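Scroll down for the structure; my scribbles are underneath it.
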Amino acid sequence: MSSSCPSLADICDEHVSSPQRLSVVTPGLFFDYGKKKRFHGRIETVRCFESNPMVRTVLSTPGDKRVLVVDGGSSKRVAILGDQITQLAVENQWAGIIINGCIRDSAIIADMDIGVKALGTHPVKSIKTYPGERGCIVNFGGVEFVPGCWVYADEVCLASLFTFSAYSFSV
């Protein structure tokens, strides 16, 4: 598969009458923080609330160009992701990270070669009392994210494609 990613509008056009289910997250919820604005990959998930040990654990493993989708319960009281964990993701070749919550260290993350989307920023780091869950189906922004399926993100929005074969990029 090519490392470049077509626009989400092109992917939506391709699947407008397809039996494959394409779900688009409610526009305007997420902001871009990483250097890469367009990214895609197979979904890995974590569910956690204001506590990020599982996020660190997962991003410390080989990413194989996957995207970690984190359901942080939409909390805006702490940050689930910072520069140190994001650096682990870059080193382990993750394509991107989507946080249904906040991040910190956004100025540093902006220079990292990875896609990062989140609801916003917050300077307070997460608590570490709840380990979180990995590999579960998570749902936010009107979309269900299933481990092993595909997620596509660009400057406009993000979408999940419920298929077990990659979208054919003609680039």
Side-chain angles (χ1 to χ4, degrees), residues 1-15 22-46 48 52 54-72 74 76 79-122 126 134 138 140-143 145-163 165-171:
M1 181 163 59
S2 171
S3 63
S4 62
C5 187
S7 75
L8 193 49
D10 291 342
I11 295 170
C12 288
D13 290 350
E14 179 77 18
H15 291 280
L22 178 68
S23 301
V24 178
V25 168
T26 304
L29 287 180
F30 289 88
F31 298 95
D32 288 307
Y33 293 101
K35 186 185 278 186
K36 290 186 179 178
K37 305 305 180 208
R38 289 185 181 186
F39 59 94
H40 65 281
R42 286 201 181 268
I43 297 169
E44 176 62 74
T45 62
V46 167
C48 58
N52 71 355
M54 187 60 69
V55 174
R56 176 182 286 278
T57 298
V58 172
L59 293 175
S60 295
T61 64
D64 301 318
K65 304 295 184 196
R66 289 176 293 161
V67 175
L68 181 62
V69 178
V70 179
D71 186 357
S74 301
K76 292 188 175 181
I80 296 294
L81 183 75
D83 65 322
Q84 293 176 4
I85 297 177
T86 304
Q87 185 59 42
L88 288 173
V90 171
E91 291 168 3
N92 286 301
Q93 299 182 343
W94 287 82
I97 308 164
I98 299 166
I99 304 284
N100 183 29
C102 290
I103 69 159
R104 59 191 255 155
D105 307 314
S106 60
I108 298 168
I109 292 171
D111 289 330
M112 294 184 178
D113 196 26
I114 190 167
V116 176
K117 286 189 176 283
L119 299 179
T121 61
H122 200 290
S126 79
R134 178 181 186 172
V138 298
F140 54 83
V143 172
F145 296 92
V146 179
C149 291
W150 291 82
V151 65
Y152 301 88
D154 70 6
E155 303 87 337
V156 178
C157 203
L158 58 110
S160 177
L161 181 60
F162 284 71
T163 180
S165 62
Y167 176 78
S168 302
F169 298 123
S170 54
V171 244

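Only heavy atoms go into these numbers, but all of them, side chains included; no hydrogens, no water, no symmetry mates. Bear in mind the structure is a predicted one, so any value in this text is a computation, not a measurement.
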Taking all heavy atoms of H40 and all of A95, pick out the closest pair and write down the distance. O-CB, 3.4 Å
Check: I97 and L81 side chains under 4.5 Å, non-hydrogen atoms: yes
So, do F145 and F140 have ring centers that fall under 6.0 Å from each other? yes
F31 side chain near L119 side chain, heavy-atom distance below 4.5 Å: no
Sequence neighbours excluded and cut-off under 3.5 Å, please list the side-chain donor-acceptor pairs for residues 105-117, or say none.
residue: D105; atom: OD2; partner: D83; partner atom: N; Å: 3.0
residue: K117; atom: NZ; partner: D32; partner atom: OD1; Å: 2.7
residue: K117; atom: NZ; partner: D154; partner atom: O; Å: 2.8

Given 3.5 Å as the limit, does a donor-acceptor pair link the side chain of R42 with the main chain of G148, or not? yes
With side-chain contact (heavy atoms from CB on, under 4.5 Å) as the criterion, how do V70 and L68 come out once you've worked through the C-alpha distance, each side chain's angles and the decisive distance to 0.1 Å? CA-CA 6 Å; V70 179; L68 181 62; 3.7 Å; yes
Could you list the residues that satisfy side-chain hydrogen bond (donor to acceptor under 3.5 Å, both in side chains) with S74, not counting sequence neighbours? N100
Taking side-chain hydrogen bond (donor to acceptor under 3.5 Å, both in side chains) as the test, write out the residues that go with T45, two or more places apart. none
Side chains of C48 and M54: does their closest heavy-atom pair fall under 4.5 Å? no
Using distance only, find each side-chain donor-acceptor pair of residues 60-67 under 3.5 Å and give its atom names and separation, not counting sequence neighbours.
residue: S60; atom: OG; partner: R56; partner atom: O; Å: 2.7
residue: T61; atom: OG1; partner: V58; partner atom: O; Å: 2.5
residue: R66; atom: NE; partner: G63; partner atom: O; Å: 2.9
residue: R66; atom: NH1; partner: E44; partner atom: OE1; Å: 3.2
residue: R66; atom: NH2; partner: P62; partner atom: O; Å: 2.8

Minimum side-chain heavy-atom gap R38-E155 below 4.5 Å: yes
Could you tell me which residues satisfy side-chain hydrogen bond (donor to acceptor under 3.5 Å, both in side chains) with Q87, sequence neighbours excluded, listed by chain and number? E91
Considering only heavy atoms from C-beta outward, does the side chain of L59 approach that of N92 to under 4.5 Å? no
Would you check if F39 and I98 make a side-chain contact, meaning some heavy-atom pair closer than 4.5 Å? yes
Which residues pass the side-chain contact (heavy atoms from CB on, under 4.5 Å) test with A118, sequence neighbours left out? Y33, I99, I103
